[in-house]
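Working notes, beginning with the structure itself.
Convention: sequence-line order gives letters A, B, ...; per-chain numbering from 1.
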There are 2 protein chains.
Amino acid sequence: MPQRSGRIPGKSRPVKSVGRAKLSDVAARAGVSAVTVSRALRKPEMVSDDVRRRIDAAVRELGYVPNYLASALASSRTHIIGVVVPSLTNGVFVEYLKALHDAFLPKGFQVLVLNSRYSQDEEERAIATLIGHHAEAMILAGIDQTDRARKLLEGSGVPVVQTMELAEKPIDINIGMSQRGAGYAATRFLLDLGHRKVAHIAARVDFRARRRMEGYQKAMADAGLDSDGMVIANLMQSSVQRGAELFTEMLAKAPNLEALFCCNDDLALGALFECQRRGIRVPEDLSIIGFNDLDYCASAYPALSSVAIPRYEMARRAAEIVLEIIRGSGSRPKQTRIDLGFEIVARDSTARRTRGSARGPRTTRALAK
Amino acid sequence: MPQRSGRIPGKSRPVKSVGRAKLSDVAARAGVSAVTVSRALRKPEMVSDDVRRRIDAAVRELGYVPNYLASALASSRTHIIGVVVPSLTNGVFVEYLKALHDAFLPKGFQVLVLNSRYSQDEEERAIATLIGHHAEAMILAGIDQTDRARKLLEGSGVPVVQTMELAEKPIDINIGMSQRGAGYAATRFLLDLGHRKVAHIAARVDFRARRRMEGYQKAMADAGLDSDGMVIANLMQSSVQRGAELFTEMLAKAPNLEALFCCNDDLALGALFECQRRGIRVPEDLSIIGFNDLDYCASAYPALSSVAIPRYEMARRAAEIVLEIIRGSGSRPKQTRIDLGFEIVARDSTARRTRGSARGPRTTRALAK
DNA sequence: TTATAGGATGAAAGCGCTGTCAATGCCGGC
DNA sequence: GCCGGCATTGACAGCGCTTTCATCCTATAA
C-alpha cells in the first residue's frame, strides 16, 4: 500500500524551500482541488467566477509562486529559448541580445543566454546545458560548432538558428551575412579612395575576424598590393586601449600608412584617439574605418566610418522564424538560409587621398614618438 | 493496477521531444538499473569500473543529455543564481554580469539574468520568475524594489544580495556604495579646482542617477552656489550621441560654463566630442568628468576624468558571500552591509581653472552654433 | 417529466529524475 | 564453515505540477 504522502515526522529529508506554498496548499485554502487551481492559473476562463476569486485570494495570501520546474516537467513546455554568444561585453552581442529579448519576452518566452567566451569547447558545453534545460529553440552566434555540438543539436529535435554569418552547411536555419565579403568591401572602399598603403589591425581574432581579415587580404591581392607587414592580429581582448596600442605598433612597422581598416569599432576609436594624441590628422593624414557601426561611430569627431552589420535584424528574423515554428509546430519556413548583407557607412574619418598634403608632416610626427 | 508505463498506441499525448533518450534508456542499454546510471553520472566513484564504462558508452551512443528539470525537481537543487539588472547594454552592468559569470560558472552554477529595463514593475516580475525557477540565491542591482517584490524575496527563503548602492533597510545582504556621496564628491572635485559654474547632465534618470544628482545639488549648495538652470535631466536612453545633444542644450542655457559633471561616461564622451567639434578646448576651456570609469575613459584624448565604482568587486563579493551561504547551508556572514566606496579618477579632461585664458574665446565659439 | 448537452470540477497517472533504504555478493577472520 | 562488514546495485516512493478522462450538476429540448 502506498504510504500517505507527506512528511514522516522525525525522519523527514532535508527540506530545502521551507514552507513554500504549493498548488495543493492554495487548493486547500480555496476549498477546491489542485487541478482546479492549476486551471484557474493557466486558463482563468475555464473556472467559475466565484472559484477564481477564492483562488486568487488564496494565491495572494500565501504568496504562492508556481514551481516552474514541476510545471515544465509535467507539460514538457519550458518556454525557454537558448542563446549562445561568444561575449557578453562586445557591443555587437549586447545589442543582438537586446533584440532577442525584445522579441521573445512579450511572447512569454525566457531567453537563457550562455557565454562561450570565444571557445568552441565552451560553446559545446553551453549547448549541452541548454539541451538539458530543454530549450524550445536554439539561437547561436556563429557557424563554427564542434562535431559533437552539431550532433547534440540535431538530436535535440528543436529548431536551431545559426546567425552572424553564412554557413556552407547550416545545421538547420541560417541567418547571416558574409564576413569575408564585408572585409573585402571595407578594404575595397579604402582602395577606391585612392589609398595604397592600407593596413589592418585585429584583436581577439575569432573565426569571424579571421574571415574579415581574409577579405582584406583578398582585396589587397586583387588590387595587386602586398599586405605582408600590413596586418597585426592579436589574440588578446579587444578594447579602445588595445586599438591605440595596435595602431602604435603598426605605425612602427609601416610609418607611411595611408589608411587603416580596424577589425571592430573599439579598435578604430582607440586608433582615432591615438592619432589625436600624435597630431595625425584624420582623415587628411590617415583614413580610418571600423567595423560593426556601433552607436558612438556617428558621434565621434571626426565621425567614424564603419561597416554596418544587420545585428538587430538578424536577431529579429531569427526570433520571428523560431516563433513561427514553435507556434505552427513543425511548419518549417521555406527559406532556411538568409543573407542579410552589410553596408559600408562612409563618414568623416575616411577621405580621398590627396597627393602631397598627407605624406610629409604626418610620418614625421608619427615617428616622433 | 497502474498501467504499464509507456505510450499507448493510437492515443499518445502530443510528444514534444521525440525519441529523446532518458535515464532508463541508458540503463537498459548498459544492462543496469536507472538508479545506477544516475549514480554513475553524479558520483562516478560509487560504481564499479566495468559498469561505469558500459554506462559511459551507452550515454555516448544514445547522445544522452540529463533532463535538468527532472533532476532539479527531484533533488530540489537548481544550481541557478538569479540576477536582475536594469539594463543589458549599459557598460557598467555588462562588466558586473561578467564578474558574476566568472565567479559562479566555475563553481557549477548557472547565472540566470533578467532585465528590468529600469522599471520597478518589470523588476518585480523578474523576481517572481526567478523564484518560480527556484533560484538558489538572488542578486539584484539596486535597492529600490517594490513592496511585493520584497515580500516575495523574504518568503523565498534564499539569500538575497542588493548591490550597487547602500540601503537603509536591506532585505538581506547589501554590498554597495553611496551614489549620493559619489555625486557629491565628483562635484566637490570640480569646485576644488576653482570652478564655480558647474553643470550636470543626466539621461535615463533612475534612482541611482537621481541620488547622484542630489549629491551634485548638495555640493553646490554647500559651496553657496546656485544649481538652478545648471542641470539637465533627461529620461531617454543614454548614449554618446545623447551626451552631445544634452551638452549642446546646456551650452544654450549656460554659455559661460566652466565645468561639466556627466551622469555617466557615455554622456561625457559625447560632450567631449561635441567640444572638439566646436573647438572648445578640454580642459582649458571646460573641465569634464564622467561617471563609472569605463574602459575607454583612460584612452580618450584628452583622457576622461571619471568616478570609478567598484562594480567588479561588488559582484565578486556578492558571489563570494552567496557561495559561502549555499555551501555552509545557513551560516550567515557576520557583515551583511558592506560599503565598497568609490574613487575620483583625475585625468586630463579636468584641470584647475586659469583666470582669463578660458572665458573669452570659448563662450564665443560655444554660442556660435 | 425525462433525456441530453455542455460547463465545471475532481481523481488518477505520470513527466524523468533522486533520496532512502533494502538486498546482494564477496572478503577475511574466527 | 559461519558471520560481520564493505562495496555494489536495485526497488520504491515522491518532487509539484499537468494531462486525461470520468463525474457531477444545471439548463435546455423533447
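- Side-chain polar atoms of A/R42 and A/S38 form a donor-acceptor pair below 3.5 angstrom.
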Under 3.5 Å, N/O pairs linking protein and nucleotides 7-9 of chain D:
unit_1	atom_1	unit_2	atom_2	d
D/dT9	OP1	B/S48	OG	3.0
D/dT9	OP2	B/S48	N	3.1

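- The separation between B/L23 atom CG and C/dG19 atom C1' is 14 Å, rounded to whole Å.
- Listed by chain and number, the residues in a side chain to side chain donor-acceptor pair (under 3.5 Å) with A/D121 amount to none (sequence neighbours excluded).
- Between the C1' atom of C/dC17 and the NE2 atom of A/H133 lies a distance of 14 Å, rounded to the nearest Å.
- Rounding to whole angstrom units, CG of residue B/N67 and P of C/dG14 are separated by 18 Å.
- For the residue pair A/Q145/A/E124, the side-chain donor-acceptor check at 3.5 Å is not satisfied.
- No hydrogens or angles considered: a donor-acceptor pair under 3.5 Å links the side chains of B/T163 and B/Y96.
- Of the side-chain N and O atoms in A/R42, one or more sit less than 4.0 angstrom from OP1 or OP2 of D/dT19.
- Between A/L41 atom CG and D/dT18 atom P the separation is 8 Å, expressed in whole Å.
- Checked for salt-bridge contact, A/D102 and A/K98 meet the test: a charged N lies under 4.0 Å from a carboxylate O.
- Between the CG atom of B/L69 and the C1' atom of D/dG16 there is a distance of 13 Å, given to the nearest Å.
- In this structure, the nucleotide among D/dG16, C/dC17, D/dT18 sitting nearest to the side chain of B/A74 is C/dC17.
- Between the NZ atom of A/K22 and the P atom of D/dT18 there is a distance of 14 Å, given to the nearest Å.
- Distance, B/H79 NE2 to C/dT18 C1': 12 Å, rounded to whole Å.
- Rounded to an integer number of Å, the gap from A/R77 CZ to D/dT18 P is 13 Å.
- Remark: A/Y64 is not in phosphate contact with D/dG16, judged by side-chain N or O atoms under 4.0 Å from OP1 or OP2.
- When each of C/dG16, D/dC17, C/dA11 is scored by its nearest atom to the side-chain atoms of A/V35, the top-ranked nucleotide is C/dA11.
- The neighbour count for B/R150 CZ, taken as heavy atoms of other residues, nucleotides or ligands under 6.0 Å away, is above 12.
- A salt bridge links A/D49 with A/R52: the distance from a Lys NZ or Arg NE/NH1/NH2 to an Asp or Glu carboxylate oxygen falls below 4.0 Å.
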